[in-house]
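Structure record follows, encoded as structure tokens.
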Number of protein chains: 2
Amino acid sequence: MPEGYDKYAFEPFAVAVDLAVFTVREGLLQVLLVERGQAPWAGHRALPGGFVRPAESAESAARRELAEETGLAGALAEAVHLEQLATYSAPDRDPRMRVVSVAYTALVPDLPEPRGGGDAARADWVAPAAAGPLAFDHAQILADARLRIGAKLEYTCLATEFCPPRFTLGELQQVYETVWDTRLDRPNFRRKVLATPGFVEPVPGAARLTGGRGKPAALYRAGPATALHPPLLRPEGRP
Amino acid sequence: MPEGYDKYAFEPFAVAVDLAVFTVREGLLQVLLVERGQAPWAGHRALPGGFVRPAESAESAARRELAEETGLAGALAEAVHLEQLATYSAPDRDPRMRVVSVAYTALVPDLPEPRGGGDAARADWVAPAAAGPLAFDHAQILADARLRIGAKLEYTCLATEFCPPRFTLGELQQVYETVWDTRLDRPNFRRKVLATPGFVEPVPGAARLTGGRGKPAALYRAGPATALHPPLLRPEGRP
DNA sequence: CCAAAAGTGTTTTTGCTACACCCATGC
DNA sequence: GCATGGGTGTAGCAAAAACACTTTTGG
């Protein structure tokens, strides 16, 4: 680009962010979706998102939108795991103008009801299978995000992001079982998790909690580790 | 965005692609870099790249730039492994205007000399450590790309992308050793690779080849598999 | 007492590591 | 012959799968 380049010479690009915010609720992996009130794709569900402002990065925009859509307070919103997924740039993905969208994946624990914020009518937790046709290329983004999460559970400590600050190993196992849609052997799962230094730490004050009937479970919190060595492979070769 | 939104109201964004093209040459992992002839960052090396045109996607732009910079013919350029890495969007990453860059990673076998094409003076293969300070945030992009490649060798069949169409298991092992900067046990490596269905296939016509002295090695080609189950973990916990 | 969920122990199997060893070629 | 790189065999160890079993709660 030469010095005297005219930055207004071309049809301009807009840069947006789209968010795939996941949680585990009622034994299902659910995603936060908004209902579009206006054309195009009026009446369809869509991923929450918005445009990147002139002075902010895509990551900042994503975190701002996340706070708006989930209604989380600032300090809480900053603790949420947010990760860039991919960028979608097909020339015709938005009929209004050329929009390049940077998609992010966020993982949150089971929150109180989401607040519909910003320009979107309301935001709801929906199981991806029951979402119906999505606006734009959001079905593709959602599918990519789902694949990525499943893969990352294998070799990172990401699963704890779905859990509240204090959780039981049973809850953690349910996260894996929900995301992978498999059953895991409890004794073996337990050993694997506890054998990985820094994955989870026991809460020292002998605290316990019961999820109904059954023996009370010990409480853990997320540890400082971020990677899982060796990985926790999902059973895949077996029926 | 309301219907009557003025697409020219804001300072426009430009969308670019940057390419981290890797190869394994002379026992080193090398990357394709161009030398910048003009400000900003004149005289510094940079990743090859360019702007996304109004009618193309970022992926198309990346493939176009790849063909231009490497001088590969069309059919060959399409076979090259090209993968989106991440998008870099810090507001001040380019002093001229707001540029959001979608970075791609490409893996190519040891090619004949690269051709300097397009607006860049010339392109050269350089070992990342010997590249000197890079323009813009390209050092960050390069570091991210390097990490990603190392990780992907563990659980994908990507290593074959560094090899010519017909290769020996010794060459494949050298790819791993070069990227990971470790030594691997030949018998065990061999077994792992051959035990993974679809990773490599023997070239049936008992073809062989010698890289100098020593026993001639059997030739293989890349198989249809794309993932590695179980993964080929790099020795990391051991001295 | 029974069901349900947490937690412990044990056996079997698998896969990986680390070597030792043979084969074919150039010098 | 000998150095060099390709290819095969094998013993030992360690992790993981499968499953039996005990513990502690609610009804």
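Chain letters run A, B, ... following the sequence lines, proteins first and then strands; every chain starts at 1.
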| message | I need the NE2-P distance between His229(A) and dA15(D), as an integer number of Å. | response | 15 Å

| Interatomic distance where CG belongs to Leu232(A) and P belongs to dA15(D) [whole Å] | 15 Å

| message | Nearest whole Å is fine: how far is dA16(D) P from Leu228(A) CG? | response | 10 Å

| said: From CZ of Arg183(B) over to P of dA18(C), roughly how many Å is that when rounded to an integer? | reply: 14 Å

| said: So if I take every side-chain heavy atom of Lys215(A) and compare against dT24(D), dG7(D), dT25(C), which nucleotide ends up nearest? | reply: dT24(D)

| Tyr88(B) ring center within less than 6.0 Å of Phe136(B) ring center | no

| task | For His138(A) and Leu47(A), work out which heavy atoms get closest and say how close. | result | ND1-N, 3.0 Å

| field | Set of residues satisfying salt bridge (Lys or Arg N to Asp or Glu O under 4.0 Å) with respect to Glu78(A), sequence neighbours excluded | value | none

| said: Looking only at the aromatic ring of each residue, does the gap between the centers of Phe189(A) and Tyr176(A) stay below 6.0 angstrom? | reply: yes

| query | Rounded to whole angstrom units, what separation is found between the CD atom of Gln174(B) and the P atom of dG6(D)? | reply | 8 Å

| field | Nearest-angstrom distance from the residue atom CG of Leu184(A) to P of dA17(D) | value | 9 Å

| field | Trp180(B) CH2 to Leu153(B) CG distance, which is reported to the nearest 0.5 Å | value | 6.0 Å

| request: Report yes or no: does Asp185(A) contribute a side-chain atom to a donor-acceptor pair with the main-chain N or O of Asn188(A) at less than 3.5 Å? | output: yes

| message | Quick check on contacts: within residues 185-194 of chain B, what sits under 4.0 Å from DNA chain D by heavy-atom distance? | response | Arg186(B), Pro187(B), Arg190(B), Arg191(B)

